[in-house]
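Numbered from 1 within each chain, the chains take letters A, B, ... in sequence-line order.
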Number of protein chains: 2
Amino acid sequence: MRGDVMARKPASDRVLDAAVSAFSELGFHGTSTREIASRAGMSPAAVYTHFSSKEELLFEIARRGNERFLALLHRAAAQGVTPPERLASIVYEFALFHARGHIGARVVNYELPALTTEHAQEIKALRRQMVDVVRSVIEAGLQTGEFDTPDPSMTCVAVMTMGQDVARWYREDGRWAPEEIAAHYRGLVLRMLDAKL
Amino acid sequence: MRGDVMARKPASDRVLDAAVSAFSELGFHGTSTREIASRAGMSPAAVYTHFSSKEELLFEIARRGNERFLALLHRAAAQGVTPPERLASIVYEFALFHARGHIGARVVNYELPALTTEHAQEIKALRRQMVDVVRSVIEAGLQTGEFDTPDPSMTCVAVMTMGQDVARWYREDGRWAPEEIAAHYRGLVLRMLDAKL
DNA sequence: GTCTATATATTGATAGAC
DNA sequence: GTCTATCAATATATAGAC
């Protein structure tokens, strides 16, 4: 990897990128392996030298994507001292990423039912960890009295699905910039929890 | 239609029901017309005497479903006098319906990208009307000073997608009853808007 | 790493009998 | 309103050469 400015990506990454854009646009079942090959600029057969099946390709995308989400949540939760500060950071970064990365996030959040049961369980484990990060911050705030909500688990679900849903309705040519959405959602969530700042 | 207790549904309705359950479970592109026929208890060919194509079947489901949603929103908005009362009713009924009718709601909300452009536009028109019902209530509350939010349009989007998302995460064997979810979401939304009750 | 060619299954939809 | 039989297209995936 000499520091070439135009360094070409490995072929397997080009396949991955092609699959993300196709799955996001057409859905997993709506995408043919020919379509992926075409977007990656190679023959249908070449795809199979990098991934053993279409489902395996989705699994790899889902695994990497959800690991990035989990890391982002950990990083965001560490930004701030009090629970309201931590949650504000979480919601802002989570929504921001779902807007900016809406194409990939749609696949990572909404195409999971197409995974095999084994692969789905591995992804579910990651997603449980994501929920745990958010819930622990909410519960910390309830302990200190800086948050108030009757059912923290359900509130946690609402907060996370709100953020994920940004990827579904966000449009690049829409009226809101990712930062505006992130800031607005941060405010909505802090109010949902009656946060004392 | 003699008032038989066990009156059998028309065959076209059986096809519709079969398609809803299959599309909800497997997605539009993940469902074959043979699968629909099998669930409806008939041969693959029999499906085509009632609907001219698989996409037409989805369109009919989407049209009926979104018309029901629109009617529900109008009905709910009429329940109450002040904007906070109206919005409370809207959020409660909307979330309740998305939990109880989660199977159909998943199709009606999430399979729309599979529609032809013409059909998609017809459904979009219905969905714009749905948004208008909710936004007008939010804006009425801002006028009276009973609501407060910096960007009512984005708040409206957040409120509606929260409700729709219930259909995606709700599980019949989960820990929450539809009524509990509806009541909790009502509280969350009223706080999001800083409602003065 | 990539190709052409192809095996094999499944797809959406139709023909024509009853 | 439903069936059996079937068409034509497309699907995923593999074989074997370079």
Pairwise 5' ranking along DNA chain D for B:Thr49 and A:Lys54, keeping only the more 5' one: B:Thr49

Minimum-distance pair of heavy atoms, taken over all atoms of A:Met160 and A:Phe94: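 Minimum heavy-atom separation between A:Met160 and A:Phe94: O-CE2, 3.6 Å.
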
Close side-chain approach of B:Met192 and B:Met162, heavy atoms under 4.5 Å: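 Answer yes - side chains close enough.
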
Evaluation steps, ring pair (Phe, Tyr, Trp, His ring centres under 6.0 Å), between A:Phe97 and A:Phe69: CA-CA 9 Å; A:Phe97 192 94; A:Phe69 276 139; 5.4 Å; yes

Nearest whole angstrom, please: distance from the [atom2] of [N] to the [atom1] of [X].
X: B:His29; N: C:dT10; atom1: NE2; atom2: C1'; value: 16 Å
X: A:Leu57; N: D:dA11; atom1: CG; atom2: P; value: 16 Å
X: B:Lys9; N: D:dG1; atom1: NZ; atom2: P; value: 15 Å
X: B:Phe51; N: D:dG1; atom1: CZ; atom2: P; value: 11 Å
X: B:Phe28; N: C:dT11; atom1: CZ; atom2: P; value: 13 Å
X: A:Leu16; N: C:dG1; atom1: CG; atom2: P; value: 14 Å
X: A:Arg14; N: C:dG1; atom1: CZ; atom2: P; value: 9 Å
X: A:Ile36; N: D:dA11; atom1: CD1; atom2: P; value: 11 Å

N or O in side chain of A:Ser32 less than 4.0 angstrom from D:dT10 OP1/OP2: no

Side-chain N,O (B:Tyr48) to OP1/OP2 (C:dA13) below 4.0 Å: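 So the side chain of B:Tyr48 is within the cut-off, an N or O lying under 4.0 Å from OP1 or OP2 of C:dA13.
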
Sugar-phosphate only, base, or nothing, as touched by A:Thr31 at under 4.0 Å among non-hydrogen atoms: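 Sugar-phosphate: the residue A:Thr31, judged by heavy atoms under 4.0 Å, touches backbone atoms but no base.
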
Sugar-phosphate, base or nothing in reach of B:Ala45, heavy atoms under 4.0 Å: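 B:Ala45: base contact, heavy atoms under 4.0 Å.
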
A:Phe28 six-ring face occupied by A:Lys54 cation (under 6.0 Å, within 45°): yes

Sidechain-backbone polar pair: B:Thr31 side chain, B:Gly27 backbone, donor-acceptor under 3.5 Å: yes

Nearest-nucleotide 5' precedence on DNA chain C, A:Arg34 against A:Ser43: A:Ser43

